[in-house]
**Student:** 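Sharing a structure below in structure tokens format, with a few things to ask.
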Amino acid sequence: MTKAVLLMGSPRGRKSTSNAVCIYLQEIFEKNGLESQDPIFIRNHVASEEKMNDMLVAIDQADIIVLVAPLYDDTSPAIVTKTMEVMAKNSSKYANKRFLPIINSGFPEPFHITEIAIPIYHKFATSLGLHWTGSLALGGGEAMRGRIGKLLNEGGGFGKKVMKALDRVVESFVTNSDFGDEALEIFSLKIYYNRVMRKFMIWINNRSWKKTAKKNGGQVDARPYST
Amino acid sequence: MGVLILNGDHKGHNKLTAIQEILEDELKEAGWDTETFILNEYNIKGCTGCFKCWDTTPGICTGIKGDDANKIVEKVIQNELLVFLTPLTFGGYSSELKAIIERMLGLLQPGQLIVDGESHHLKRYERYPSVLAFAVTDNLDKEEEVLFKKLLERHSRNFYPPMHKTEVFQTKENEETIRDRVNKCIQKINVGNKSG
Ligand SMILES: Cc1cc2nc3c(=O)[nH]c(=O)nc-3n(C[C@H](O)[C@H](O)[C@H](O)COP(=O)(O)O)c2cc1C
């Protein structure tokens, strides 16, 4: 039986868009006869060598490695980078395992993910001899509200779109074919109406941050450090 | 003029020590006040994505307590130049350097704006430091070098440095060559800062 490991790379943990993606993936792995365990929360494994080794063993035993993580500063979160560095020390172990990263961002444009982060993951994969089966960029994943614990089926139209793409990811695993590199966006900025709406949404969004900060006793544009 | 050097070497590796020392020498020579943090000697955790630095204590991370990140982040904004030193890691930053970069999130505001058709965050401060990013590698890989330059270019769009400059060095390069390359970067930054 083909074994898949889900590496959940969000430092947020359980309440994150990355975890919502993992939960759905685990469900469809099972339905499609792929063997997998609960997602491995990277943040729980990077602090100690012993825990890191546990994660490496799980990776070692898998045929397919799916990394699900947020975009942080145009690239991987530090905890994911740490995992990549440690894996690179044992690179001989990973030859031909299949690898696919699924990365979500705050900004809606998927190129924030595909410009640098995906090529860095690709470089990582090829350096370790992993088989790159493709990647999935989710532009605007934050808006699915994984941060407050929402699952993909509660993520509206975009959630549905993401689930469909994940179905195809799993199909590619089952049929032993490559998924390819895909990017989904929460709304297409190629459409004029959406570009106008985007401006309105930014206005609403900026107001909402201001209100929340005020409610919490702060001022959103405070400058606490003197310059 | 102040410069903050963030050395993202891995514990026990000392791959970046030579370049750090050359850089400090040359910057001092050029009239900069330098302060260096070898990050692996400090307790610095990566960002946990709680956004408290945006919506609860704007500008200050209060989501992670008791580590050394805040005092370094404060210095970032108070200096005119920020230097990243990192082992080249698949074309990106090391995990040590990446952790502190993540903690700089509060130096921006959560609100967004569109620049050249791209979403970016609003500035919190009027002025940000220029950025020099030096990566060191044993064997130069062109693809990784290009990625590193692009990463800095993208990152700069979100961080508003008046100037940024990237260089990739090889561990086998001799001291003179490194000194010469470092100097050229400092000159460019000096000129940029004066004109900017
Ligand atoms: C430290 C930090 C850096 C981030 N950098 C970016 C970025 O460069 N581009 C972007 O579009 N979103 C960025 N984000 C937003 C996250 O990608 C976004 O919140 C994502 O949905 C989080 O996913 P998760 O819930 O799976 O952790 C950043 C968030 C944090 C906390």
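Here is how names work: the chains are called A, B, and so on, in the same order as the sequence lines, proteins then strands, and each is numbered from 1.
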**Student:** Give the member of B:Gly59, B:Pro110, B:Ser94 that has the highest number of heavy-atom pairs under 4.5 Å with chain A.
**Tutor:** B:Pro110
**Student:** Under 4.5 Å heavy-atom distance to chain B, tell me which part of A:Arg147 shows up: side chain, backbone, both or neither.
**Tutor:** side chain
**Student:** Can you confirm whether B:Lys75 is buried at NZ, in the sense that more than 12 heavy atoms of other residues, nucleotides or ligands lie under 6.0 Å from that atom?
**Tutor:** no
**Student:** Is it the side chain or the backbone of B:Asp141 that comes within 4.5 Å of chain A heavy atoms, both, or neither?
**Tutor:** side chain
**Student:** Could you look at A:Ser10 and say if it's the side chain, the backbone, both or neither that has a heavy atom under 4.5 Å from chain B?
**Tutor:** neither
**Student:** At a heavy-atom separation under 4.5 Å, does B:Glu153 approach chain A through its side chain, its backbone, both, or neither?
**Tutor:** neither
**Student:** Quick one: what part of B:Cys47 sits under 4.5 Å from any heavy atom of chain A, side chain, backbone, both or neither?
**Tutor:** both
**Student:** Under a 4.5 Å heavy-atom cut-off, does chain B meet the side chain of A:Ile202, its backbone, both or neither?
**Tutor:** side chain
**Student:** Can you tell me if CZ on A:Arg223 sees more than 12 non-hydrogen neighbours from other groups inside 6.0 Å?
**Tutor:** yes
**Student:** Given a strict heavy-atom distance threshold of 4.5 Å, which part of B:Leu122 is in contact with chain A: side chain, backbone, both, or neither?
**Tutor:** side chain
**Student:** Any heavy-atom pair between the side chains of B:Gln112 and A:Phe107 that's under 4.5 Å?
**Tutor:** yes
**Student:** Say you draw a straight line from NE2 of A:His122 to CG of B:Leu147; how long is it, rounded to the nearest 0.5 Å?
**Tutor:** 10.5 Å
**Student:** Please state whether the side chain, the backbone, both or neither of B:Ile100 comes within less than 4.5 Å of a heavy atom of chain A.
**Tutor:** neither
**Student:** For B:Glu143, is it the side chain, the backbone, both or neither that has a heavy atom under 4.5 Å from a heavy atom of chain A?
**Tutor:** side chain
**Student:** Within a reach of under 6.0 Å around NZ of A:Lys210, are more than 12 heavy atoms found that belong to other residues, nucleotides or ligands?
**Tutor:** no
**Student:** Would you name the heavy atoms of B:Trp54 and A:Ala213 that are closest together and state the gap between them?
**Tutor:** O-CB, 4.1 Å
**Student:** Check whether A:Asn205 gets within reach of chain B through its side chain, its backbone, both or neither, counting any heavy atom under 4.5 Å.
**Tutor:** side chain
**Student:** So for A:Ile204, is it side chain, backbone, both, or neither that comes closer than 4.5 Å to the heavy atoms of chain B?
**Tutor:** neither
**Student:** Sort A:Tyr121 into side chain, backbone, both or neither according to what part of it lies under 4.5 angstrom from a heavy atom of chain B.
**Tutor:** neither
**Student:** Counting heavy-atom pairs under 4.5 Å with chain A, which one of B:Glu96, B:Arg127, B:His120, B:Lys45 comes out on top?
**Tutor:** B:His120
**Student:** So for B:His10, is it side chain, backbone, both, or neither that comes closer than 4.5 Å to the heavy atoms of chain A?
**Tutor:** side chain
**Student:** Does CG in B:Asn139 sit with more than 12 non-hydrogen atoms of other residues, nucleotides or ligands closer than 6.0 Å?
**Tutor:** no
**Student:** Tell me which of these, B:Phe148, B:Phe90, B:Tyr93, B:Phe159, has more heavy-atom pairs under 4.5 Å with chain A than the rest.
**Tutor:** B:Phe90
**Student:** Once you round to the nearest 0.5 Å, how far does NE2 of B:His155 lie from CG of A:Asp73?
**Tutor:** 4.5 Å
**Student:** Restricting to non-hydrogen atoms, name the atom on B:Arg124 and the atom on A:Pro224 that form the minimum distance, rounded to 0.1 Å.
**Tutor:** CD-CD, 4.3 Å
**Student:** Decide yes or no on side chain to side chain donor-acceptor pair (under 3.5 Å) for A:Thr75 and B:Arg154, but give the supporting numbers first.
**Tutor:** CA-CA 10 Å; A:Thr75 179; B:Arg154 294 296 316 167; over 6 Å; no
**Student:** Nearest 0.5 Å, please: how far is OG1 in B:Thr89 from CE in A:Met84?
**Tutor:** 8.5 Å
**Student:** Go through it in stages, so that I can follow the logic: the residues are A:Tyr225 and B:Ile60, the test is side-chain contact (heavy atoms from CB on, under 4.5 Å), and I'd like the CA-CA distance, side-chain angles, deciding distance and then a yes or no.
**Tutor:** CA-CA 9 Å; A:Tyr225 301 138; B:Ile60 301 177; 4.0 Å; yes
**Student:** How far apart are the closest heavy atoms of A:Arg12 and B:Gly49, and which atoms are they?
**Tutor:** NE-O, 2.9 Å
**Student:** Specify the closest pair of heavy atoms between B:Ser95 and A:Ala78, including all atoms of both residues, with the distance to one decimal.
**Tutor:** CB-O, 3.6 Å
**Student:** Look at B:Glu144, B:Met104, B:Lys123 and state which one has the largest set of heavy-atom pairs under 4.5 Å with chain A.
**Tutor:** B:Glu144
**Student:** Which bit of A:Thr212 is near chain B, if near means a heavy-atom gap under 4.5 Å: side chain, backbone, both or neither?
**Tutor:** both
**Student:** Return the CG to NE2 distance between B:Asn158 and A:His112, rounded to the nearest 0.5 Å.
**Tutor:** 7.0 Å
**Student:** If I measure from the heavy atoms of chain B, does A:Glu115 come under 4.5 Å with its side chain, its backbone, both, or neither?
**Tutor:** both
**Student:** At what distance, to the nearest 0.5 angstrom, does NZ of B:Lys149 lie from CD1 of A:Ile116?
**Tutor:** 13.0 Å
**Student:** Distance from B:Thr48 atom OG1 to A:Arg43 atom CZ, nearest 0.5 Å?
**Tutor:** 8.0 Å
**Student:** Does A:Arg195 have more than 12 heavy atoms from other residues, nucleotides or ligands lying within 6.0 Å of its CZ?
**Tutor:** yes
**Student:** Could you tell me if the side chain of A:Trp209 sits less than 4.5 Å from the side chain of B:Gln109, heavy atoms only?
**Tutor:** no
